[in-house]
Amino acid sequence: MTEFVDVAIVGAGISGISAAWHLQGQNPDKTYAILERRDRLGGTWDLFKYPGIRSDSDMYTLGFHFKPWVTDQSIADGASIWNYLNEAATENGIDKHMRYGHKVVAANWSDEDNRWELTVEHDGEQIQLNAGFLWACSGYYDYDRGYSPEFPGAEDFAGTIVHPQHWPQDLDYQGKKVVVIGSGATAITLIPALIDGGAGHVTMLQRTPTYIGSLPDKDPFAARAYRLLPEKPAYTAVRWKAIMLAVMQYQIARAFPNTFRKLLRKMAERRLPEGYDYDRHFAPDYKPWDQRVCLAPNGDIFKAIRNGKADVVTDAIDRFTTEGILLKSGERIDADIIITATGLNVQFFGGAEVLRNGEPMDLADTVAYKGMMLSGIPNMAFTFGYTNASWTLKADLTSEYVSRLLNYMDDKGYDTVEPRRPGPDVERLPFVDLASGYIKRALDRLPKSGGKAPWRLKQNYLVDLRVIRNGKIDDDTLQFSKHRAPVTV
């Protein structure tokens with residue numbers, strides 16, 4: 001017989017661990033399994049191995065509320081984050097529910113059987129698993145392939161071309177001339193790390209600038225709090241300080257973009273060489289947070305430029321050559337190694353096909369309910385974190401909500417919940433309010449958000465505390481079906 005679990009969680013990264021912790025605590029009678037395609041937990045923090053990989057938000061909010069991050073190291077390296085996630089899973093027995101090497105390739109909802117029928121690849125074979133509820137915690141990008149445009153002449157280049165998502169651990173860049181194509185978070189992280197690791201010189205080649213903010217990698221407030229207070233109240237204070245700072249920065253950036261631009265400029269110019277052309281290389285023509293604002297801990301990339309170890313070239317690529325890159329301007333950049341930090345490929349639900357009664361469903365035709373469920377798809381939730389703050393803040397709120405939803409259904413005797421499709425009066429909007437290239441490339445494949453609640457994504461933790469944590473479950477937008485008697489106490 002096909003195995004059945006009450007909840008199938010897909011993905012053993014931050015989102016999956018959060019989902020499991022809340023499920024164990026709030027729904028202890030539910031059976032669950034975490035299906036992870038990789039051989040280890042950690043998701044992003046197990047996948048990426050490039051030099052300098054680190055958090056791009058503070059660890060007091062990237063960490064879980066149930067496992068305090070108890071040092072003043074606010075920005076942590078990838079290995080430390082993986083160790084933290086591993087501890088969170090093992091301390092709470094979550095690791096015992098993880099099934100590695102299990103890739104969900106198809107998920108079919110059966111109205112007749114009132115359950116999900118999952119097709120899973122494991123050890124070269126396809127197996128079946130049924131679940132009452134499906135919870136997608138697999139992030140939003142393709143783990144197999146990063147985005148890398150075709151560069152004319154790439155086959156002529158005599159050196160090594162590397163994408164950060166597929167970093168070779170034996171890559172020797174000691175004393176080498178390195179060009180990093182891109183100006184996003186990966187490039188900003190890589191450049192100082194390559195220099196610290198012994199690269200001869202690093203050039204960041206960008207087509208357009210990106211906003212970069214400088215923050216210290218250690219938090220003096222956290223250091224004092226942990227020194228003066230017991231761990232739990234100290235962590236609460238540090239975490240809420242970090243939350244309020246992130247919310248405040250984002251709101252100021254959106255309400256007063258010119259003020260925020262000036263602040264970023266001031267932070268950069270303190271560290272850049274005198275007379276440096278900031279406007280050309282670090283002043284985008286869009287507003288802050290139209291795309292993500294990158295983080296440079298302690299302004300490390302600006303210091304690398306000032307020290308002459310790195311430089312920035314803002315130009316378009318004409319073609320690769322044997323010795324490096326020819327630009328549209330006619331300038332040439334010599335290189336031994338070219339790193340294409342050109343972004344990600346967006347992929348929802350780990351690439352699994354979603355079906356209903358055997359018929360494929362077009363996710364682009366669905367609308368996201370509270371940023372965690374999709375119209376027309378029963379008994380399914382997904383975790384998608386904030387784009388303007390820590391991913392984990394939204395992941396934990398989603399976990400709380402789903403656990404409350406499952407308890408509500410049990411108490412009322414419901415088997416099925418499905419967000420109703422919004423009417424034509426609800427404007428369809430892009431799922432993510434970012435103009436980043438990786439989002440634009442995927443708009444035709446992504447679900448939509450709506451023009452008003454509960455379909456509108458606010459990207460505001462304080463608002464979501466009210467709407468998600470404290471909002472009622474029996475929303476008119478949700479259609480519940482009852483097939484069994486309610487629980488009596």
Side-chain angles (χ1 to χ4, degrees), residues 2-13 15-16 19 32-37 43 99 102-122 126-145 345-385 395 398 401-402 405-406 415-422 428 430-432 439 441-450 455 457 477-479 481:
T2 301
E3 182 185 3
F4 176 87
V5 293
D6 292 314
V7 182
I9 298 171
V10 183
S15 302
Y32 77 93
I34 302 176
L35 306 176
E36 170 54 55
R37 59 175 297 182
R99 304 182 186 183
H102 284 63
K103 178 182 179 181
V104 179
V105 296
N108 176 61
W109 171 260
S110 170
D111 283 316
E112 180 179 357
D113 296 323
N114 214 59
R115 61 183 54 188
W116 284 98
E117 300 164 344
L118 306 181
T119 302
V120 183
E121 288 184 354
H122 176 60
Q126 288 194 347
I127 61 176
Q128 302 296 314
L129 176 70
N130 291 340
F133 197 93
L134 178 62
W135 198 339
C137 297
S138 51
Y140 63 94
Y141 56 84
D142 187 340
Y143 272 46
D144 293 325
R145 291 170 298 276
N345 283 317
V346 172
Q347 183 183 73
F348 244 42
F349 305 151
E353 184 179 22
V354 181
L355 308 96
R356 184 168 185 174
N357 302 320
E359 295 294 324
M361 301 198 69
D362 183 1
L363 298 183
D365 193 42
T366 65
V367 186
Y369 170 82
K370 293 187 176 180
M372 66 180 77
M373 300 172 72
L374 295 178
S375 61
I377 302 184
N379 285 27
M380 192 275 286
F382 65 94
T383 297
F384 194 98
T398 299
Y401 179 88
V402 172
L405 173 66
L406 293 173
D415 293 302
T416 312
V417 58
E418 178 183 329
R420 306 174 194 269
R421 186 174 179 83
R428 268 52 168 182
F431 177 68
V432 180
I439 297 296
R441 291 192 300 271
L443 285 177
D444 62 336
R445 306 190 306 276
L446 293 177
K448 305 295 186 293
S449 67
W455 309 102
L457 295 173
T477 306
L478 297 180
Q479 179 178 351
S481 301

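Here, residue 1 is the first one in the sequence, and each next residue gets the next number.
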* Measure across Lys448 and Leu443 and return the closest heavy-atom pair with its distance rounded to 0.1 Å. => NZ-O, 4.3 Å
* **Validation row: Val354, Phe348 side chains within 4.5 angstrom (heavy atoms)** => no
* Asked: Within the side chain of Gln128, is there an N or O that forms a donor-acceptor pair under 3.5 Å with the backbone of Thr2?
  -> no
* Step by step, would you call Phe384 with Phe431 a side-chain contact (heavy atoms from CB on, under 4.5 Å)? -> CA-CA 11 Å; Phe384 194 98; Phe431 177 68; 3.8 Å; yes
* For the residue pair Gly376 and Pro378, what are the closest heavy atoms and their distance? -> O-CD, 3.8 Å
* Side-chain touch Val7/Leu406, heavy atoms, less than 4.5 angstrom -> yes
* Does Arg428 reach the side chain of Val367, with side-chain heavy atoms less than 4.5 Å apart? -> yes
* Asked: With side chains defined as the heavy atoms from C-beta onward, is the minimum distance between Thr383 and Cys137 less than 4.5 Å?
  -> yes
* Asked: With a 4.5 Å limit on heavy-atom distance, are the side chains of Trp135 and Phe382 in contact?
  -> no
* Asked: Taking it one step at a time, do Val417 and Met373 satisfy side-chain contact (heavy atoms from CB on, under 4.5 Å)?
  -> CA-CA 10 Å; Val417 58; Met373 300 172 72; 4.0 Å; yes
* Checking side-chain contact (heavy atoms from CB on, under 4.5 Å) for the pair Val5/Tyr32: CA distance, chi angles, key distance, verdict? -> CA-CA 5 Å; Val5 293; Tyr32 77 93; 5.6 Å; no
* Might you work through the side-chain contact (heavy atoms from CB on, under 4.5 Å) test for Val432 and Tyr140, ending with a clear yes or no? => CA-CA 11 Å; Val432 180; Tyr140 63 94; over 6 Å; no
* **Test applied, side chain to side chain donor-acceptor pair (under 3.5 Å); reference residue, Arg421; option that passes from Thr477, Thr366, Asp365** => Asp365
* Is the side chain of Asn345 donor-acceptor paired with the backbone N or O of Asp144 at a distance under 3.5 Å, no angle test? -> no
* **Ile9 to Gly16 - nearest heavy-atom pair and separation** => CG2-CA, 3.9 Å
* Are the side chains of Met380 and Trp109 in touch, meaning some heavy atoms are under 4.5 Å apart? -> no
* To do: Can you measure from CG (Asn108) to CG (Asn357) and round to the nearest 0.5 angstrom?
  => 6.5 Å
* Asked: Side-chain contact, heavy-atom cut-off 4.5 Å: Phe349 with Val10?
  -> no
* Please examine the side chains of Leu134 and Leu118, heavy atoms only from C-beta on, and report whether any two atoms are closer than 4.5 Å. => yes
